[in-house]
2 protein chains.
Amino acid sequence: MNNHANDAPPTLRDVAAAAGVSLATADRVVNGRPGVSAKTARKVHEAVQRLAFRPLAAAAELARSRSWRFAVVLPGGGNRFMMDIADNVRAQADWLRARRIGVEIVETDVFDADRLAAELAALPGRFDAVALVALDHPRIRAAIDDLVEAGMAVVTLVSDAPSSRRQHYVGIDNIAAGRTAGSLVGRFLGPPRGNERGAVGIVTGAGSLRDHAERRFGFGQVLAEEYPQLIRLTPVEGRDDPDRNRELVRRMLADTPNLVAIYNTGEGSVGIGEALAEAGLARRILCVGHELTPATRRMLLDGTFAALVAQDPGHEARSMVRVLHALVAGQEIVAAQEHIRVQVILRDNLP
Amino acid sequence: MNNHANDAPPTLRDVAAAAGVSLATADRVVNGRPGVSAKTARKVHEAVQRLAFRPLAAAAELARSRSWRFAVVLPGGGNRFMMDIADNVRAQADWLRARRIGVEIVETDVFDADRLAAELAALPGRFDAVALVALDHPRIRAAIDDLVEAGMAVVTLVSDAPSSRRQHYVGIDNIAAGRTAGSLVGRFLGPPRGNERGAVGIVTGAGSLRDHAERRFGFGQVLAEEYPQLIRLTPVEGRDDPDRNRELVRRMLADTPNLVAIYNTGEGSVGIGEALAEAGLARRILCVGHELTPATRRMLLDGTFAALVAQDPGHEARSMVRVLHALVAGQEIVAAQEHIRVQVILRDNLP
DNA sequence: TGCGATTTGAGGTGCGCAACTCAAAAATTG
DNA sequence: CAATTTTTGAGTTGCGCACCTCAAATCGCA
C-alpha cells in the first residue's frame with residue numbers, strides 16, 4: 001500500500017522544486033506568511049500534498065529556538081493524588097529540559113475562589129501556558145477566560161470548568177466514573193436476598209469541586225435505574241480528610257443497621273477502612289473508592305475495598321505537558337493518546 | 001526547589017567552558033568517542049552534572065540525520081484486535097514521517113512457526129528494528145535471538161517470548177488479566193445459593209499462544225483459590241473463530257445444565273453471544289471476554305457480556321513505536337509511560 | 001504608457017549538535 | 001634525550017528549517 005518507496009523524506013527544497021517556485025515562496029506558504037498570490041499558494045499546497053511533505057520535527061523545533069514556561073496550579077495540603085501528579089511532572093524534568101520547556105508547580109488553595117483567581121491573574125507575562133485544577137465557580141471561569149484572552153494556553157486538570165474558554169481538559173469523565181462505581185457496587189452486592197433492602201452510604205469531598213459532584217450524580221443514576229432495591233443515604237462531606245471520614249462512617253454505622261456498602265467519591269478512604277475495622281465490619285461491608293494510593297492499595301489487597309475507580313496520574317501529568325506544548329507550539333493533539341481512561345482496579349490488576 | 005533559575009538551558013559549549021576543555025573534547029566525552037584521558041573525561045562529566053546538561057533533542061536528532069525502518073509482524077486473517085493495532089500504527093504516519101521513521105506492516109501466519117521464522121530471517125538488512133506477535137516456540141525463540149545477534153532491536157507485542165533475547169515486551173501481564181477475569185466472574189456471580197454448584201465454561205483460542213495460556217492459568221488460579229464452589233469445565237479451543245465458538249457453546253449449553261458463566265480468553269466472542277441468544281440464555285449466563293471490538297462493545301451494551309478485560313491497541317501501537325525508536329536511537333525508555341494496563345471495561349466506562 | 005503596489009527570487013544567518021580533519025601540545029617510551 | 005604515541009584544541013561542514021533582507025520581476029490601475 002506504500003506509494004513513494006523512495007526512501008528519503010522530501011524536504012522543503014523538494015517541495016519548492018516540485019511546485020516550480022523558490023524556496024522562499026514555499027516557505028512563505030508553508031508557514032502562512034503573507035505576500036503570496038492565491039495561485040502560487042495553491043501550487044505549493046498541491047506539491048505539499050503530492051510529496052506528502054512534513055517539516056522535520058527536529059529541524060523545525062531547532063530553528064524556532066523558542067523556550068516555553070508552563071505553570072501547573074495544584075491544590076496544596078498534602079492530597080496524595082495531587083502529590084502524585086506533581087511527582088510525575090517533576091519526573092519529566094529531563095524530557096522537558098531537552099525540549100526547552102520549564103514547568104513551575106504552583107500550590108494553592110483551590111477551594112478558595114478569590115485566592116485561586118488572584119493566583120491565576122498573576123500568571124500572564126510570566127508563563128506561556130497554564131494547567132489548573134479548576135473550581136467550578138463564576139470567578140474562576142472569568143479568571144480562566146482572562147488568561148485565554150491574554151493569549152495563554154489553558155487546560156483544566158482532573159476537575160473541569162467546561163463553561164470556560166479553556167482549550168482542553170485533561171482528566172476523566174467523572175459521570176462515567178461514578179456510574180462505573182455504581183455498577184460495581186450493584187453487581188458485587190448481587191441480587192437482593194429476600195425482602196431486606198440494603199443501604200448504601202456515600203462519602204464525598206466537597207460540593208464545590210465539579211468532579212465529586214459528577215461522580216455522585218453518575219453513581220446515583222445507576223443505582224436508581226438498575227438497583228432500585230438499594231437505599232441511597234444522603235451523601236456526607238468529609239472534605240477528603242481521613243479523620244473526618246472516620247468520624248462520619250462511625251456515625252453512619254451506628255445509625256444504619258442495614259448498611260451494605262459505602263462509596264467514597266474522593267480521597268481519605270483510609271478513614272473509612274479504620275472505622276470499619278474498629279467495628280469489625282471490614283470485608284463485610286462492600287467498599288468502592290477512587291484513586292490508587294499506598295493506602296487504597298493496601299486496603300484493596302486486604303479486601304477492605306473491593307474495587308477502585310481510578311485515573312492514572314502519570315498519564316495525566318504527561319498528557320498535560322504534551323497538550324500544553326502542542327497548544328503553544330501550534331502542533332496537533334493526538335486525541336486518542338490524550339484520552340484519560342476510567343480505570344477499574346481490582347486486587348488482581350493492580351499495576 | 002529550582003537551582004539554576006538562569007533560564008536558557010546550557011549548551012555543549014557551556015559544558016566545555018565550565019570544564020575548561022575545548023568543544024571537541026567535550027563532544028568526545030559526551031558521545032563516548034575515544035581518545036580522551038580519564039582525568040579529562042571526569043572533568044567533563046562533572047561539568048555535565050553541575051550544569052544539568054542535556055543535549056537538545058531536536059538538535060541531536062537533526063545532526064544525526066539518520067532514518068529508521070521498522071517492521072511490525074502481525075497475524076493476518078482478519079483478527080479484529082490485530083487490525084486495530086495495524087490501524088493505529090498507520091494512524092501515526094505523519095508523526096513517523098516527521099521523525100524519519102518508516103514502518104512496514106508484515107502480515108503472516110503466526111501460528112505456523114516455520115513460516116514465521118522464515119519471515120523473521122528475511123528482515124535483517126532491510127530493517128533496523130522489529131516488533132512481532134511472538135509464538136512461544138523454540139524455533140521462534142531462536143529466530144528472535146538471531147535478529148538480536150544481527151544487531152536489530154526486537155520487541156514482542158501482545159504475546160511475549162520471555163525466554164528469548166527480545167529487548168522489550170509491549171503488552172499486558174496476561175496472568176493478571178486472567179486473574180482479573182476470574183475475580184469478575186466470581187464476584188459477579190455472588191455467594192453460592194444453597195448447595196447447587198455452578199459450572200464455568202472456558203473458551204480459548206489456541207494452546208500455542210502464550211497469552212491465552214497465561215490467561216487460563218490466572219483465571220483458574222483465582223477460581224480455585226477464591227471460589228471453590230464453582231466447577232471449571234475443561235477449556236474448549238475455538239481458535240478465535242466466531243463460528244467455531246458458536247458451535248462449541250451450543251454443545252456446552254446442551255451438555256451443562258448447571259452452566260452459570262462463560263469466560264472467553266480470546267477473540268470471537270460474538271459466536272458465544274449468538275449461541276446464548278439462540279438458547280434464550282443471553283444475560284442469564286454471565287459472560288466475560290477480552291478486548292474491545294465493535295462486536296464486544298455491542299454485547300457489553302446489551303448486557304450479553306458483563307465485563308471485558310482489555311488492553312488498548314492504540315497505546316500498544318504508539319508504545320511499540322516509541323520503544324523501538326528509543327532502542328535504536330539509544331534513548332531512554334520511560335517505563336511508566338510504556339506500561340500497558342489490564343483494563344476492566346464495564347458498560348459504564350466504555351471509552 | 002508609466003506609476004506604484006504586489007509578488008517572487010536569491011541569498012544569508014542561526015538554531016545546537018554530530019562527526020570529522022589536521023595540527024599542536026603533552027605524555028609516554030626506549 | 002629523542003622518538004613515538006596519546007591527548008587536546010581549533011576549526012569546518014552539514015542536518016532542515018524559520019526568519020529575515022533586498023532586489024528584481026510582475027501586476028493592476030490610471
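Within every chain, numbering begins at 1; the chains are lettered A, B, ... in the order of the sequence lines, protein sequences first and strands thereafter. Worth saying up front: this structure is predicted, and the values here are computed from it rather than measured.
A salt bridge links A/Arg90 with A/Asp87; the closest basic N to acidic carboxylate O contact falls under 4.0 Å. Salt bridge status for B/Glu61 with B/Arg99: absent, with no side-chain N to carboxylate O gap under 4.0 Å.
Within 4.0 Å (heavy atoms only), A/Leu12 reaches sugar-phosphate atoms of the nucleic acid but no base atom. Among the heavy atoms of the strands lying under 4.0 Å from B/Leu56 are primed sugar atoms or P, OP1, OP2 only; no base atom is included. Residue-level contact check: B/Arg100 touches the backbone only, with heavy atoms under 4.0 Å from sugar-phosphate atoms and none from bases.
When each of A/Val158, A/Val133, A/Leu135 is paired with A/Pro75, the side chain to side chain contact (heavy atoms under 4.5 Å, CB included) condition holds for A/Val133 and for no other.
Within the structure, every pair that satisfies the salt bridge (Lys or Arg N to Asp or Glu O under 4.0 Å) test and touches residues 310-320 of chain A, not counting sequence neighbours, is listed here: A/Asp312-B/Arg341. The side-chain hydrogen bond (donor to acceptor under 3.5 Å, both in side chains) pairs that include a residue from residues 323-334 of chain A number zero, where partners must be two or more places apart or lie in different chains.
DNA chain D is contacted by A/Asp27, A/Arg28, A/Asn31 of residues 15-32 of chain A, taking any non-hydrogen atom closer than 4.0 Å.
Scanning for side chain to side chain contact (heavy atoms under 4.5 Å, CB included) contacts around B/Ala117 gives B/Arg139, B/Ile140, B/Ala143, with sequence neighbours left out. Under the side chain to side chain contact (heavy atoms under 4.5 Å, CB included) criterion, A/Ala310 pairs with A/Glu291, A/Gln343, A/Ile345, sequence neighbours left out. Partners of B/Ala24 according to the side chain to side chain contact (heavy atoms under 4.5 Å, CB included) rule, which considers only residues two or more places apart in sequence or in another chain, are B/Ser22, B/Arg28. Every residue two or more places apart in sequence or in another chain that forms a side chain to side chain contact (heavy atoms under 4.5 Å, CB included) with A/Ser163 is listed here: A/Arg141.
Heavy-atom contacts of chain B under 4.0 Å fall on DNA chain D between two terminal nucleotides, which in 5' to 3' order are D/dT7 to D/dG16. Running 5' to 3' along DNA chain C, contacts with non-hydrogen atoms of chain B at under 4.0 Å begin and end at C/dG16 to C/dT21.
Both B/Thr11 and A/Val36 lie near DNA chain C, and the one whose nearest nucleotide falls closer to the 5' end is A/Val36. Heavy-atom nearest nucleotides on DNA chain D were determined for A/Pro55 and for B/Pro34, and the one closer to the 5' end corresponds to B/Pro34. Nearest-nucleotide positions on DNA chain D place B/Ser37 closer to the 5' end than the other of A/Ala60 and B/Ser37.
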For a side chain to side chain contact (heavy atoms under 4.5 Å, CB included) check, start with the C-alpha distance between B/Leu96 and B/Phe70, then their side-chain angles and the critical distance, and finish with the verdict. CA-CA 11 Å; B/Leu96 292 164; B/Phe70 298 167; 5.6 Å; no

Check the pair B/Val29 / B/His45 against side chain to side chain contact (heavy atoms under 4.5 Å, CB included), numbers first and verdict last. CA-CA 8 Å; B/Val29 174; B/His45 281 133; 3.6 Å; yes

When the side chains of residues 148-156 of chain B are checked against the rest of the protein, which donor-acceptor pairs come out under 3.5 Å, sequence neighbours left out?
unit_1: B/Glu149; atom_1: OE1; unit_2: B/Arg165; atom_2: NH1; d: 2.8
unit_1: B/Thr156; atom_1: OG1; unit_2: B/Asp160; atom_2: OD1; d: 2.6
unit_1: B/Thr156; atom_1: OG1; unit_2: B/His168; atom_2: O; d: 3.4

Please report, to 0.1 Å, the donor-acceptor pairs under 3.5 Å made by any side chain of residues 9-19 of chain A, with sequence neighbours excluded.
unit_1: A/Thr11; atom_1: OG1; unit_2: A/Arg13; atom_2: N; d: 3.2
unit_1: A/Thr11; atom_1: OG1; unit_2: A/Asp14; atom_2: N; d: 3.4
unit_1: A/Asp14; atom_1: OD2; unit_2: A/Thr11; atom_2: N; d: 2.8

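When the local axes at the two ends of the helix from C/dT1-D/dA30 to C/dG30-D/dC1 are compared, using 5 base pairs at each end, they differ in direction by 20° after rounding to 10°.
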